[in-house]
Amino acid sequence: MSDDTSALRPATPPTTALRPETLAVHPPQVRITGSTPLGVPLHQGHVFAFDSADAMADAFHSPDTFLYSRLGNPTVRALEDAVTRLEGGTAALSFASGMGAINGVLLGLLSSGSHVVAQRCLYGGTYAVLTDLAERWGVEVTHVSGTDPEELRRALRPETRLLHLETIANPTTRVADLPAMIAVAAEAGVPSVVDNTFASPLLCRPIEFGADVVVHSATKYLAGHADVLGGIAVFKDAELYARIRHYAVEQGAITDPFAAWLTLRGLQTLPLRIERQSASALDLAGRLAAHPAVAAVRHPALAGHPDHAVAERLLPRGGGGVVSFDLAGGREAGRTFIEAVRVASLTASLGDVKTLVMHPASTSHRQLDAAALDAAGIGPGTVRMSTGIEHVEDLWADLEQALEQAAKVS
Ligand SMILES: *Cc1c(COP(=O)(O)O)cnc(C)c1O
């Protein structure tokens, strides 16, 4: 056993040999000089040690010195910096999940009596948290379409504290007119928050259109491999970042370093995945539209989509991997279809390397009656598909055999 203890605190190496009980809890630390790890190192540690009391005191005020992982961690910071650059922002805050990021931003900006304007067609969790805030904390919420700036102008009030939009809405794939909507909010001094989960920064960078905050469920496209939950909020300016960070650090819904590390690993192939997913989604959307068992298909890059013109302006690099389509046979056909696919998986998520399908009317939205489904833009036979990176011909063969089985029950 070595009694070289110089690795404990390089500045002040102990002079006496330490006993095994002490050595066991102080393994030597490898300090790298002269080279850089090519992969981002996983700093799983939650706390950082200092060589002097002054250095530790300074760390309480310096966001660039790591002290305690709830306040900042090098692996988590690497993820925040990577997504900041992709979104063209100033700084980012990483959270334990997409909902963690959305709650961090909402609660950081709102107080009781605040008013929020949000898109009508929203991610279910966001809709639910806004409803809770309204019922329990006296925050008032007005829902608008996302494509009508005049409707937004009428909805704004002196106490409006934020506008919440989604680049591509779920499962309708409606595209919000970000520049027009954000401009109206900005005129009134209201910050805009855009959930860019469905588009990713490869297809749309909302900060270029004036958004103040971009949020993501990193669980979906950013990480992309069905093995991690995460969320991130990217800020256009440092002042808002500092305000929300202050609250987020107290809230504590931060990212575990391993989750950040997995997300960073996924992020490196994001451009390749998004390119393939968008191209395959559009290809399959075209084939679905021509199939007799399919009544309607929605993908932002498909001609005939209600927001096709907006999508051409906002999403010139592709309409994303999500396609939704209505089976002519209605609810039974939808249910049969999702049970008949073999390459695609029946699951609730999206943005994965694997193709995922779901049928809202018989799963996530089964409590809704026909009128409520209709109001949410969901038909009884609507299927949502999140296109993966498999070979497009294998995907089409799978969809085709499932469509044939669905046609038999209708
Ligand atoms: C999944 C999702 C969320 C929530 O993210 P989690 O990581 O599940 O908390 C928020 N917004 C959108 C658009 C999503 O798809």
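As the structure lists them, so they are numbered: ligands from 1, and atoms in each ligand from 1. Each residue takes its place number in the sequence, starting with 1. Computed over heavy atoms, backbone and side chain alike; hydrogens, waters and symmetry mates excluded. Keep in mind that this is a model prediction, so the values were computed, not measured.
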Run His216 and Glu87 through side-chain hydrogen bond (donor to acceptor under 3.5 Å, both in side chains) and show every step you take.
CA-CA 11 Å; His216 279 277; Glu87 285 287 3; 2.6 Å; yes
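Of the N or O atoms in Ser217, one or more lie within a sub-3.5 Å distance of an N or O in ligand 1. The shortest N/O to N/O separation between Lys220 and ligand 1 falls below 3.5 Å. For ligand 1, none of its N or O atoms has an N or O atom of Gly100 under 3.5 Å away.
Below 4.0 Å from some heavy atom of Phe198 lie the following atoms of ligand 1, by number and element: 13 (C), 15 (O). Atoms of ligand 1 found under 4.0 Å from any heavy atom of Ile102 (numbered from 1 in listed order, with element): 10 (C).
Using a 4.0 angstrom heavy-atom cutoff, Val215 does not count as in contact with ligand 1. Using a 4.0 Å heavy-atom cutoff, Asn170 is absent from the residues neighbouring ligand 1. Close to ligand 1: Leu350, with a non-hydrogen atom less than 4.0 angstrom away. By the 4.0 Å heavy-atom criterion, Gly230 is counted among the residues contacting ligand 1.
Within the 4.5 Å cutoff, the side chain of Leu178 has heavy atoms near those of the Val194 side chain. In this structure, Tyr241 and Thr90 have side chains that are not in contact, with every pair of non-hydrogen atoms separated by 4.5 Å or more.
Protein heavy atom at the shortest distance from atom 7 (O) of ligand 1 is Thr219 OG1, 2.7 Å. At the top of the distance list for atom 9 (O) of ligand 1, counting protein heavy atoms only, stands Met99 N, 2.8 Å. Looking from atom 4 (C) of ligand 1 to the surrounding protein, the closest heavy atom is Tyr123 CE2, 3.4 Å. For atom 6 (P) of ligand 1, the closest heavy atom belonging to the protein is Gly98 N, 3.3 Å. Among all non-hydrogen protein atoms, the one lying nearest atom 11 (N) of ligand 1 is Asp195 OD2, 2.7 Å.
Remark: the backbone N or O of Glu80 is paired with a side-chain donor or acceptor of Thr84 at under 3.5 angstrom. In this structure, Thr197 contributes its side chain and Ser217 its backbone to a donor-acceptor pair below 3.5 Å. Judged by distance alone, with hydrogens and angles left aside, the side-chain atoms of His299 form a donor-acceptor pair with the main-chain N or O of Ala301 at under 3.5 Å.
Aromatic rings of Phe337 and Phe325 (six-membered ring for Trp) have centroids within the 6.0 Å cut-off, being under it.
A ring-ring contact (aromatic ring centres under 6.0 Å, His included) check over residues 133-161, counting only residues at least two apart or in different chains, returns the pairs Tyr127-His143.
For Glu393, the salt bridge (Lys or Arg N to Asp or Glu O under 4.0 Å) test picks out Arg287, with sequence neighbours left out.
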